[in-house]
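Data first, discussion second: the structure below is written as structure tokens.
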Amino acid sequence: MTLSSDQAAVPLQAWLRIQREAPSLDERAAALRRAVLGCPQVRQAWYLSWQPASRTYAQDDGGPRLPPGQGDPLAASDQALFEALTTQPCLSLETVRQLPCWLAGRLRRAAIHHGQALALSLEEGGAGLLLLQVDENAGLEWLPWLRELLAQLVGLAGGMARSAPLLSADPQPALLLDEQAHPLEFNQALQTLLGERSLAQVGALLPVNHLPLVRACLQQSRAIEAVEAQDGERILIWNFIPDVAEQRVLARCREATQEIREQREAARARRLYRLITENTTDLISRHTPDGVFLDATPASWTLLGYWPEELRGMAVDGLLHPQDQLQQAKQAREALEQDGYHTMTYRIRHRDGHYLWFETASRAIRETYTGAVVEVVSVSRDITARIQAEENKRRLEDELAHTTRLITLGELASGIAHEINQPLAAVVNYASASQRYLQGIGGDPAGVDKVAQGLGRITEHANHASAVIKRLRAFLRKGQRRMQALNLAEVAREAVRLCNWEASTAQVAVSDALPDNLPPVFADRVLLEQVLLNLLRNAIEANRDQHPDSASQIRLEADEGNGNLRIRVIDQGPGVSDEQMGKLFTPFYTSKADGLGLGLSMSRSIVEGFGGALEAFPAEGGGLCLECRLPLGRDDESLSNSRG
């Protein structure tokens, strides 16, 4: 195989330019190595310079290192090879391997045998050699011609004018192009960018339309900037600067892979942000620390009837409901300053004048060094429909509770009649006795005391009957919740009195283990009494089913823990299965033939409305334990919900 002039011209041109610039020997050797590697037959190349002091050849090209030779390195010598190259400038590698020199051992250890060693000096007064390993099937006859060509080029380079100093000194990759976009000159930075590639492959670095760009640059006498080119994974930015007098163009580039990727990612993020902000149904807004709108998304028109530009500069406080202005705004600013975030529910005025319920989550943006709040970003949504649904649900629960109380009254009618008949019968008896004492008072001085005693008893039993009627009226009263601090033991005992007759009829005794020093809970008295009455009646029915003809007991106990007051109703009934336990609080689920299945589900809803919980679990020794947990103290949120 032979090396054509076209194959050699382009890579050698790059080396010649560097040789002409007279950089360090290492740079020239590395450029020579790259140049000859551009020849398709060359598998590997090394340039070694002669070291007179040590009488050895040292590698200067920065390529793969040859292994050390055999024997003592301190006794190493390449003098035989140096003298052989003086008389014969081209030696085959097989010949070199047979010489008594240090390099011969290095070639043998590297298993390099097909190629030639070419005597070639890259600097005046020096000596060196170029080792070329070629393909096994390639001939060696063209290598002496290559050696002559390289030697002549080295000589020519010494007498040639150097390229423009600005080009060679430019730290950025640059090259000169003629009017047909052919490379004329290039600097070391561009060669570094090319790596192992030859100058013929510089087109891979240039923009795909570099020829039209060069022509336009010269024809219009103007620079063309920021043209993007792709080199594998790298992104290059090129600038084309015309030299109209010489009809050439200086092309300079810089690697901008990270910069361009960041710009593209930022552009994608901006597009995504714009899509989100323009299409989200929530209102995203920016505010000053004191609550003045800086900006808002287009959802402001849909939600409030204001376009974003109309809100800019407007104070949020001016849109709040008068009852929310002072408290909500103050709480928000304090929370943002202290915690950095805040969520609040409030009423805000629409442009048309009506008020909407909003839920807003805000986060503070702080100054990096001082930590001061400089801006607030908020996300708001209209929850008017949700608030109205919750209010409707609460009203429906209240209606169900009232209906259940009426049903309970019917079921307790016999007991109520018995409880009222007892004091009324006593009133009749004492009145009759008092009449008799009055008729015979003249003959019985002690009759006056008996009449007075009878009238006192009449008053006592009449008041008792009145109290029963009053309790019934309070229990049946329909109206809004009246949240107040309650003594749980007192409310529980009132519920026990309401179902006393039903319990005694079923031979069920209620064991009162309630402490007298329980802390207060905050709830509606009538609704809480109804919950406890439901739990007690459920326990009475369970005991009656398990012990139809014998006495049984219900235990009522309470304690405090984890910020709650817990009251438990424990029966001695048959208990419930695991399957039934999972459905116990499901509306309209009941195991009773005549039950509605609303008592326990409604009771749980009422307790949850107080901020508590109602749970069921098996009792020790059989039966069921129903535990009602109520938060201690005043619950402002429950109060707000109760007022609607």
Asp516 with Arg493: basic N within carboxylate O range, under 4.0 Å: yes

Side-chain heavy atoms of Arg629 within contact of Val607, under 4.5 Å: no

Donor-acceptor pair, side chain of Asp295 and main chain of Arg286, under 3.5 angstrom: no

Backbone of Gln572 reached by a side-chain donor or acceptor of His547 within 3.5 Å: yes

Neighbour count above 12 (heavy atom, 6.0 Å) for Asn562 CG: no

CZ/Phe617: more than 12 non-hydrogen atoms of other groups inside 6.0 Å: yes

Identified side-chain hydrogen bond (donor to acceptor under 3.5 Å, both in side chains) partner of Arg381 from the options Thr360, Asp282, Thr281: Asp282

Listed partners of Ala256 passing side chain to side chain contact (heavy atoms under 4.5 Å, CB included), at least two apart: Ile237, Arg254, Glu259, Ile260

Side chains of Glu255 and Thr257, donor plus acceptor under 3.5 Å: yes

Glu490 and Glu529, any side-chain heavy atoms less than 4.5 Å apart: no

Exceeds 12 heavy-atom contacts within 6.0 angstrom, atom CD of Glu367: yes

Note, Leu600 side chain near Leu535 side chain (heavy atom, < 4.5 Å): yes

Ser552 backbone acceptor or donor facing Gln507 side chain under 3.5 Å: no

All pairs passing salt bridge (charged side-chain N to carboxylate O under 4.0 Å, His left out) where residues 297-311 contributes a residue, at least two apart: Glu310-Arg351

Aromatic plane relationship, Phe293 with His287 - under 30° parallel, 30 to 60° tilted, over 60° perpendicular: tilted

Asp339 atom CG, over 12 foreign heavy atoms within 6.0 Å: yes

Lys/Arg N to Asp/Glu carboxylate O, Asp290 vs Arg333, below 4.0 Å: no

Glu615 and Arg566 ion-paired at < 4.0 Å: no

Salt-bridge contact Arg261-Glu233 (side-chain N to carboxylate O under 4.0 Å): yes

